[in-house]
Amino acid sequence: MNRKLLQSVREYKKESIMTPILVIFEVFMEVLIPLLMARIIDVGIANGDMGYILSIGVVLVIMAMVSLFFGAMAGRTGAIASSGYAKNLRHDIFYKIQEFSFKNIDHFSTSSLVTRLTTDITNIQMAYMMTIRMLVRAPIMIILSLVMTLTINADIALMLLITVPILGGALIFIAKKAHPHFIQVFDEYDVLNNTVQENVNAARVVKAYVRAEHEDEKFHKISGIVYKLFTAAEKIVAWNNPVMMFTMYLVVLCMVYIGGRSIVFGAMETGELTSVIVYAIQILSSLMIVSFVFVLIMIAEASTDRITEVLNEVPEMADKADAKTEVSNGDIDFENVDFSYAGEGGNLSLKNINLHIKSGQMVGIIGGTGSAKSTLVQMIPRLYDVTKGAVKVGGIDVRDYKLESLRDQVSVVLQKNVLFTGSIYDNIRWGDENATDEEVQRVCRLAQADSFVQEFPDKYDTMIVEGGNNVSGGQKQRLCIARALLKKPKVLILDDSTSAVDTKTDAMIRKAFREEIPDTTKIIIAQRISSVEDADLIIVMDDGKINGMGTSEELLKTNAIYQEIYQSQVKGGEENE
């Protein structure tokens with residue numbers, strides 16, 4: 001466990017310290033028990049003294065109960081400490097991810113982050129619990145048992161002293177051989193989780209294209225790789241038990257030989273030999289535990305590296321100490337903006353963008369696929385930072401705003417609409433958690449969503465299933481628009497967010513925008529000319545550059561790309577009629 005991860009122990013430090021202390025008391029009791037058993041055999045049974053047997057027996061029972069108590073308490077505090085540690089670690093990673101920009105998130109795949117939050121943390125939790133319990137218990141048990149053996153028979157103690165490092169070295173060697181396989185398997189887990197997630201999310205597409213067999217083959221392939229890696233690791237780890245048992249029986253045979261000779265020559269009692277055998281088993285069992293914990297720690301080491309990578313990721317965007325918290329209006333300015341997803345020196349997605357949008361304007365953005373329409377608007381709420389130049393909202397560089405304040409005033413309905421499990425009320429209130437029912441219903445009317453919501457049996461209390469799969473694409477878009485409107489933003493961006501609604505509904509949404517939110521700057525990215533034709537300003541994008549700007553009438557006279565799109569959609573549509 002590295003120091004950075006151990007910072008997540010926090011309020012569970014008490015339990016983390018108490019656990020090894022309780023384990024020490026438990027071990028101390030267990031080490032004394034074989035000594036008393038020897039006294040019962042060598043004194044009580046040898047002399048036929050039933051009173052002595054009963055008195056020592058009562059002490060043995062009391063010691064066993066005390067050991068049980070310490071063991072149970074150690075198990076309880078260990079479980080609290082490890083579970084609490086995992087809870088805090090999961091919390092820290094999740095909150096860290098919330099600070100990430102899109103660029104940071106792009107560095108990790110979704111499936112990889114899920115694996116780190118689940119499997120990797122579980123591995124660390126198990127290793128932590130074993131460390132504060134078993135890794136404390138085993139060495140102390142070995143040392144105390146060796147000391148007790150030394151007081152009984154020096155020859156046997158010497159044999160055990162030689163055996164311990166040899167067996168320990170063999171078990172550690174086996175664990176190290178298995179370690180690389182465990183490291184590889186977690187990378188493959190990411191691929192496996194990604195395959196499952198992708199298949200479940202796209203279940204309708206898979207069925208529509210009858211690609212279930214192909215997906216099955218893809219899953220079986222990666223599942224087979226995980227199986228092979230785990231099998232290879234387990235085959236190596238499986239040597240632990242045979243090596244351990246062989247050594248244990250060999251040691252017992254040697255002890256019986258040495259002890260038998262000592263008993264014959266009167267240097268050792270029968271009960272003492274019995275206790276020595278118990279001590280030897282305790283020592284060898286402790287070595288087995290150390291080996292097992294060592295394997296867990298090595299597995300956790302791979303998980304630790306993966307989680308540390310997330311915690312060490314520096315968020316690309318951070319609020320300045322004097323960050324602005326108020327967005328005065330919806331004016332938007334792009335000043336000599338260049339942008340590359342790869343950062344400085346990468347291929348530019350946006351090239352020398354200069355643009356001024358007045359507060360309250362309705363702006364349409366149109367262009368071919370890959371023309372960087374979405375990239376352009378993602379600069380406004382600072383989903384990405386510009387590579388060169390500046391983007392200003394309300395006359396202030398977006399990098400000078402507090403991120404939360406900026407995004408509260410710049411609502412974005414992205415291409416990929418997402419609804420969450422919960423009622424329609426719950427989903428819309430993402431825009432304002434304190435909104436009344438009337439306010440939610442009002443924005444739904446503006447987004448032309450109220451009509452279909454009223455048709456549901458439970459109306460606004462209708463539950464949305466995971467991913468919003470129980471509503472159509474057009475209904476999902478309108479609910480997402482309503483959610484954005486509830487924020488009462490200074491800037492509203494619709495990134496191709498009406499593509500799944502009919503032209504009549506699209507027109508009604510734009511009409512509601514003009515009448516109900518005239519002071520809000522409205523930016524609409526669309527593929528349909530009809531969605532932007534009545535905009536105050538239309539921007540034509542091509543290959544990351546602004547190819548033309550103006551009203552629809554102006555662009556029809558001056559811009560070849562707009563003319564081509566217009567002819568293919570409007571004139572082509574008329575001819576087809």
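The basis for the numbers below is simple: all heavy atoms, side chains too, and nothing from hydrogens, waters or symmetry mates.
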Worksheet entry | Criterion side-chain contact (heavy atoms from CB on, under 4.5 Å) on Thr122 and Thr118, from CA distance to verdict | CA-CA 6 Å; Thr122 301; Thr118 51; 5.5 Å; no

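- No more than 12 heavy atoms of other residues, nucleotides or ligands lie within 6.0 Å of NZ in Lys388, so this atom counts as exposed by the packing criterion.
- Here CD1 of Ile236 is found 9.0 Å from CZ of Phe173. Values are rounded to the nearest 0.5 Å.
- Other residues, nucleotides and ligands contribute only 12 or fewer heavy atoms inside 6.0 Å of the CG atom of Asn347.
- A distance-only check finds no donor-acceptor pair linking the side chain of Ser82 to the backbone of Met129 [under 3.5 Å].
- In this structure, the side chain of Ser340 does not engage the main chain of Leu348 through any donor-acceptor pair within 3.5 Å.
- Taking a 6.0 Å sphere around CD of Glu11, one finds it holds more than 12 heavy atoms contributed by other residues, nucleotides or ligands.
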Practice prompt. Check the pair Ile523, Ile365 against side-chain contact (heavy atoms from CB on, under 4.5 Å), reporting the backbone distance first and the verdict last.
Written response: CA-CA 7 Å; Ile523 301 175; Ile365 301 178; 3.6 Å; yes

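- With a 6.0 Å radius and a threshold of 12 heavy atoms from other residues, nucleotides or ligands, Tyr227 has its OH atom at or below the threshold.
- Looking at Ile464 and Phe420, their side chains never come closer than 4.5 Å, going by heavy atoms from C-beta outward.
- No side-chain heavy atom of Ile380 sits less than 4.5 Å from a side-chain heavy atom of Val398.
- At most 12 heavy atoms of other shown residues, nucleotides or ligands fall within 6.0 angstrom of atom NZ in Lys324.
- Counting heavy atoms from C-beta on, the side chains of Arg10 and His91 come closer than 4.5 Å.
- Closest non-hydrogen pair, Arg429 versus Ala435, comes out as NE-O, 2.8 Å.
- Contact check on Lys320 versus Asp400 returns a salt bridge, with a Lys/Arg side-chain nitrogen under 4.0 Å from an Asp/Glu carboxylate oxygen.
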Practice prompt. With salt bridge (Lys or Arg N to Asp or Glu O under 4.0 Å) as the test, would you mind laying out the steps for Glu309 and Arg116 before giving the verdict?
Written response: CA-CA 10 Å; Glu309 186 183 4; Arg116 293 168 206 241; 3.1 Å; yes

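- When all heavy atoms of Ser145 and Val31 are compared, the closest pair comes out as OG-CG2, 4.3 Å.
- If you take OG on Ser16 and CD1 on Ile21, they are separated by 11.0 Å, rounding to the nearest 0.5 Å.
- No more than 12 heavy atoms of other residues, nucleotides or ligands lie within 6.0 Å of CE in Met126, so this atom counts as exposed by the packing criterion.
- Counting heavy atoms from C-beta outward, Asp495 and Val413 have side chains that stay 4.5 Å or more apart.
- Using a 4.5 Å cut-off on side-chain heavy atoms (C-beta onward), Ile297 and Met130 make no contact.
- Between the side chain of Tyr128 and the backbone N or O of Leu6 there is no donor-acceptor pair closer than 3.5 Å.
- Put simply, the side chain of Asp543 never gets that close to the backbone of Ser371: no donor and acceptor are under 3.5 Å apart.
- A donor-acceptor contact closer than 3.5 angstrom is absent between the side chains of Ser405 and Asp408.
- Atom CG of residue Asn427 and atom CG of residue Leu486 lie 12.0 Å apart, to the nearest 0.5 angstrom.
- Heavy atoms of other residues, nucleotides or ligands lying less than 6.0 angstrom from NZ of Lys351 number more than 12.
- Side chain of Gln409 to main chain of Leu406: no donor-acceptor pair is present (N/O by atom type, distance under 3.5 Å, no hydrogens or angles).
- When atom types are taken as modelled, the side chain of Asp120 and the backbone of Ser303 share no donor-acceptor pair closer than 3.5 angstrom.
- Heavy atoms only, all atoms of each residue included: Leu485 and Pro489 are closest at O-CD, 4.0 Å.
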Item to complete: Begin with the C-alpha distance, continue with both residues' side-chain angles, and end with the deciding distance and a verdict on side-chain contact (heavy atoms from CB on, under 4.5 Å) for Lys545 and Asn352.
Response: CA-CA 7 Å; Lys545 300 176 183 176; Asn352 194 32; over 6 Å; no

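- Thr387 and Asp338 are not linked by any side-chain donor-acceptor pair at a separation below 3.5 angstrom, with hydrogens and angles left out of the test.
- At a threshold of 4.5 Å between non-hydrogen side-chain atoms, the residues Gln125 and Tyr85 do not count as touching.
- Heavy-atom minimum distance, Leu492 versus Ala484: CD1-CB, 3.8 Å.
- Residues Lys4 and Leu311 form a side-chain contact, since some pair of their non-hydrogen atoms from C-beta on lies under 4.5 Å apart.
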Practice prompt. May I have the step-by-step check of salt bridge (Lys or Arg N to Asp or Glu O under 4.0 Å) for Lys373 and Asp542, ending in yes or no?
Written response: CA-CA 9 Å; Lys373 302 185 297 294; Asp542 181 47; over 6 Å; no

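- Atom NZ of Lys96 has more than 12 neighbouring heavy atoms from other residues, nucleotides or ligands inside a 6.0 Å radius.
- Between Val251 and Ala280, the shortest heavy-atom contact is CG1-CB, 4.4 Å.
- Looking at Arg407, its side chain does come within 3.5 Å of a backbone N or O of Pro381 through a donor-acceptor pair.
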Practice prompt. Step by step, work out the side-chain hydrogen bond (donor to acceptor under 3.5 Å, both in side chains) result for Thr375 and Tyr341.
Written response: CA-CA 9 Å; Thr375 303; Tyr341 286 101; 2.7 Å; yes

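- In this structure, the side chain of Tyr12 does not engage the main chain of Ser83 through any donor-acceptor pair within 3.5 Å.
- Between the CD atom in Gln282 and the CG atom in Leu146 there is a gap of 11.0 Å [rounded to 0.5 Å].
- Taking the centre and axis of the six-membered ring of Tyr384, the NZ or CZ atom of Arg382 falls outside the cone set by 45° and 6.0 Å.
- Between Ile493 and Val410 there is a side-chain heavy-atom pair separated by less than 4.5 Å.
- Taken to the nearest 0.5 Å, the CD1 atom of Ile93 stands 4.5 Å off from the CG atom of Leu89.
- Without hydrogens or angle criteria, Arg133 side chain to Thr19 main chain gives no donor-acceptor distance under 3.5 Å.
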Practice prompt. Any chance you could lay out the side-chain contact (heavy atoms from CB on, under 4.5 Å) test for Thr77 and Leu22, step after step, and finish with the verdict?
Written response: CA-CA 9 Å; Thr77 55; Leu22 290 166; 3.9 Å; yes

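- Salt-bridge formation is detected for the pair Glu30/Arg137: a Lys NZ or Arg NE/NH1/NH2 atom is positioned less than 4.0 Å from an Asp or Glu carboxylate oxygen.
- Leu5 CG to Thr308 OG1: the interatomic distance, rounded to the nearest 0.5 Å, is 4.5 Å.
- Between Ser423 and Met463, the shortest heavy-atom distance links the atoms N-SD, 3.6 Å.
- Electrostatic pairing of Glu335 and Lys392 counts as a salt bridge here, judged by a charged N lying under 4.0 Å from a carboxylate O.
- Judged by distance alone, with hydrogens and angles left aside, the side-chain atoms of Arg90 form no donor-acceptor pair with the main-chain N or O of Ile121 at under 3.5 Å.
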